[in-house]
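Quick notes on the structure that follows.
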Amino acid sequence: VMVDVLVVGGGNAALCAALMAREAGASVLLLEAAPREWRGGNSQHTRNLRCMHDAPQDVLVEAYPEEEYWQDLLKVTGGQTNEYLARLVIRESSTCRDWMRRHGVNFQPPLSGALHVARTNAFFMGGGKALVNAYYRSAEALGVQIRYDAPVEALELQDGRFIAARIGAERIEARACVLAAGGFESNREWLREAWGQNERGEWPADNFLIRGTRFNQGVLLKFMLDAGADRIGDPSQSHCVAIDARAPLYDGGICTRIDCVSLGVVVNRDAQRFYDEGEDFWPKRYAIWGRLTAMQPGQIAYSIIDAKAIGRFMPPVFPGVKADTLPELATQLGLDPVAFERTVRDYNQACRVGKFDHTALDDCHTEGLTPAKTHWARPLDTAPFYGYALRPGITFTYLGLKVDETAAVRFGDVPSDNLFVAGEMMAGNVLGKGYTAGVGMSIGTAFGRIAGTRAAAAARLAHSEGARHAAA
């Protein structure tokens, strides 16, 4: 029997689409490329959803109005965003949580290390893994068919319409389809090609670590782009975070992130600082440090703090390198002790310490130093000293398919009437570059729900047209 809606993918956006399509009365089949134990894509590593709200709301304190959310997004993307679609996502984030709860997702207040986002982000009880499990349980209970180990390699398209999906020799027809199969962040060859070779003759992507799933190879994204679907975004732009250089190649997730950058200095392998560590609050800035590190020689950097910083940031999974003197720390990190000590001395002498307050954009800054440190600048003078080696950690890529508010895939600016896209495969419409915590889940939830609803409607239309033709 032909299914109404085929959903390709198994993360947050795919599950939102499958649930909405099923609630609208469609029969739904979801194909997840990963085995069951790795289901959920990058969503299993997420923690929260950035939410607009005009007043306190259960776990969310104070208010985070639409305009402020939009300004935050505008700032981090440097204007590389579609305002209409961004505001659609923002407004959707204010109304989706009751629906999420109905499907078993619970929320909790943030733990002490993340209090700075208590106003803007609703945390998932049990994290993204629990959210993914809740959605799968709900989908199964509602009668969504789910297949694991089912990587779709190609689609059959005809004049912009979806006909069937192919898994090897198997052909799966459906009246409508939602693509929500992620970006190409685990495809190391494609990353290498996208980033190319730098002026030092290095291939930066060879030193990248992948924070999330190994299953996002970008197979369907590449297929759709080759098939002539309208594209958005730059292949070298991604959510790219500075993470512990000792993290695994895949699936290190959130616990490998190094969150003490703003409390100290960051140097490259030549022991030189290269960017303002205190530019803005960490949730708005953590996602630029991966790219900054990627631009440094050898794609490596070192976050350096002293004893004063301990207890002020979420400790990462691996303890830092620890030493009682700066030269000793440099030696342990493989840095030139003389150059390192000079960099720290210059920084210490430039610090103008006012009233230190890590919860505000305080007045502790440097003078006469390039690059400046504009907030939270305190001398590194209290032993023991700690250092963390950093590598670029890719979360997800921004190259995707261009959409409007219907989530329809477009060919030559003409929307398909039965093929839709959600999640990482279209996030580049809202995120041209940069990131702010929790917005990926906001995009996936908003467009997953839209795509599922539209696909169910398209299937109903195809159904009634089929019945009419049969009768005629």
Side-chain angles (χ1 to χ4, degrees), residues 42 45 76-78 80 182-214 216-218 233-254 256-262 264-277 279-280 282-304 316 333-335 371 387-400 424 427-428 431-437 440:
N42 285 337
H45 292 299
V76 297
T77 58
Q80 289 185 37
F184 67 89
E185 54 275 0
S186 8
N187 186 327
R188 300 186 64 81
E189 281 304 303
W190 194 349
L191 285 175
R192 192 174 206 257
E193 180 192 318
W195 279 77
Q197 209 171 3
N198 66 19
E199 67 285 358
R200 287 180 291 271
E202 302 165 330
W203 293 85
D206 289 353
N207 283 319
F208 292 177
L209 301 170
I210 317 305
R211 297 178 71 213
T213 178
R214 70 197 63 207
N216 283 6
Q217 295 285 333
D234 167 354
S236 81
Q237 288 289 353
S238 62
H239 183 285
C240 180
V241 181
I243 63 170
D244 196 305
R246 299 164 291 182
L249 179 53
Y250 298 106
D251 282 302
I254 202 93
T256 55
R257 209 170 83 189
I258 302 293
D259 282 350
C260 55
V261 164
S262 59
V265 298
V266 178
V267 300
N268 61 20
R269 73 174 184 201
D270 301 325
Q272 303 300 314
R273 287 176 63 250
F274 53 90
Y275 198 81
D276 178 359
E277 302 90 349
E279 185 176 46
D280 203 344
W282 193 231
K284 295 181 191 172
R285 277 291 164 265
Y286 78 97
I288 70 169
W289 280 90
R291 198 173 183 84
L292 289 169
T293 302
M295 300 301 187
Q296 296 308 306
Q299 295 71 55
I300 196 155
Y302 301 86
S303 180
I304 312 296
L333 292 172
L335 299 171
Y388 295 92
L390 307 174
R391 286 271 187 217
I394 303 283
T395 317
F396 68 95
T397 48
Y398 290 177
L399 177 69
E424 288 179 9
L431 291 168
K433 68 169 192 187
Y435 195 73
T436 184

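We count residues from 1, following the sequence as given. Since the structure is predicted, the reported quantities are computational estimates derived from the model, not experimental observations.
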Between Thr395 and Arg211, do the side chains contain an N or O donor and an N or O acceptor separated by less than 3.5 Å?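 There is such a pair (donor and acceptor under 3.5 Å, judged by atom type) between the side chains of Thr395 and Arg211.
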Using only atom types and a distance under 3.5 Å, with no angle test, would you say the side chain of [X] pairs donor to acceptor with the backbone of [Y]?
X: Arg273; Y: Asn268; result: no
X: Ser238; Y: Thr397; result: no
X: Glu424; Y: Gly183; result: yes
X: Gln296; Y: Ile300; result: no
X: Gln299; Y: Thr293; result: no
X: Glu202; Y: Gln197; result: no
X: Glu279; Y: Glu277; result: no
X: Tyr398; Y: Gly434; result: yes
X: Gln272; Y: Arg269; result: no

Between [X] and [Y], what is the shortest heavy-atom contact and its length?
X: Tyr302; Y: Leu335; result: CE1-CD2, 3.6 Å
X: Thr256; Y: Ala247; result: CG2-CB, 3.6 Å
X: Asn42; Y: Gly212; result: OD1-CA, 3.1 Å
X: Gly290; Y: Pro392; result: O-CB, 3.6 Å
X: Ala194; Y: Pro235; result: CB-O, 3.7 Å
X: Pro204; Y: Gly196; result: CD-O, 3.2 Å

Heavy atoms, side chains only, cut-off 4.5 Å: are [X] and [Y] in contact?
X: Glu193; Y: Phe184; value: no
X: Arg192; Y: Asp206; value: yes
X: Leu431; Y: Phe396; value: yes
X: Arg257; Y: Pro316; value: no
X: Phe274; Y: Pro371; value: no
X: Gln237; Y: Arg291; value: yes
X: Tyr435; Y: Ile288; value: no
X: Glu185; Y: Trp190; value: no

Given Leu399 and Asp234, is the side-chain contact (heavy atoms from CB on, under 4.5 Å) satisfied, shown in steps? CA-CA 5 Å; Leu399 177 69; Asp234 167 354; over 6 Å; no
Can you tell me how far apart [atom1] ([X]) and [atom2] ([Y]) are? Round to the nearest 0.5 Å.
X: Leu191; Y: Ile394; atom1: CG; atom2: CD1; answer: 6.0 Å
X: Asn187; Y: Glu189; atom1: CG; atom2: CD; answer: 7.5 Å
X: Leu390; Y: Ser303; atom1: CG; atom2: OG; answer: 5.5 Å
X: Ser262; Y: Trp289; atom1: OG; atom2: CH2; answer: 9.5 Å
X: Glu199; Y: Met295; atom1: CD; atom2: CE; answer: 9.0 Å
X: Ile243; Y: Asp259; atom1: CD1; atom2: CG; answer: 12.0 Å

Chi angles and distances behind the side-chain contact (heavy atoms from CB on, under 4.5 Å) call for Arg188, Leu249: CA-CA 11 Å; Arg188 300 186 64 81; Leu249 179 53; 3.0 Å; yes
Decide side-chain contact (heavy atoms from CB on, under 4.5 Å) for Arg391 and Asn207; before the verdict, give the C-alpha distance in whole Å, the side-chain angles of both, and the deciding distance to 0.1 Å. CA-CA 7 Å; Arg391 286 271 187 217; Asn207 283 319; 3.7 Å; yes
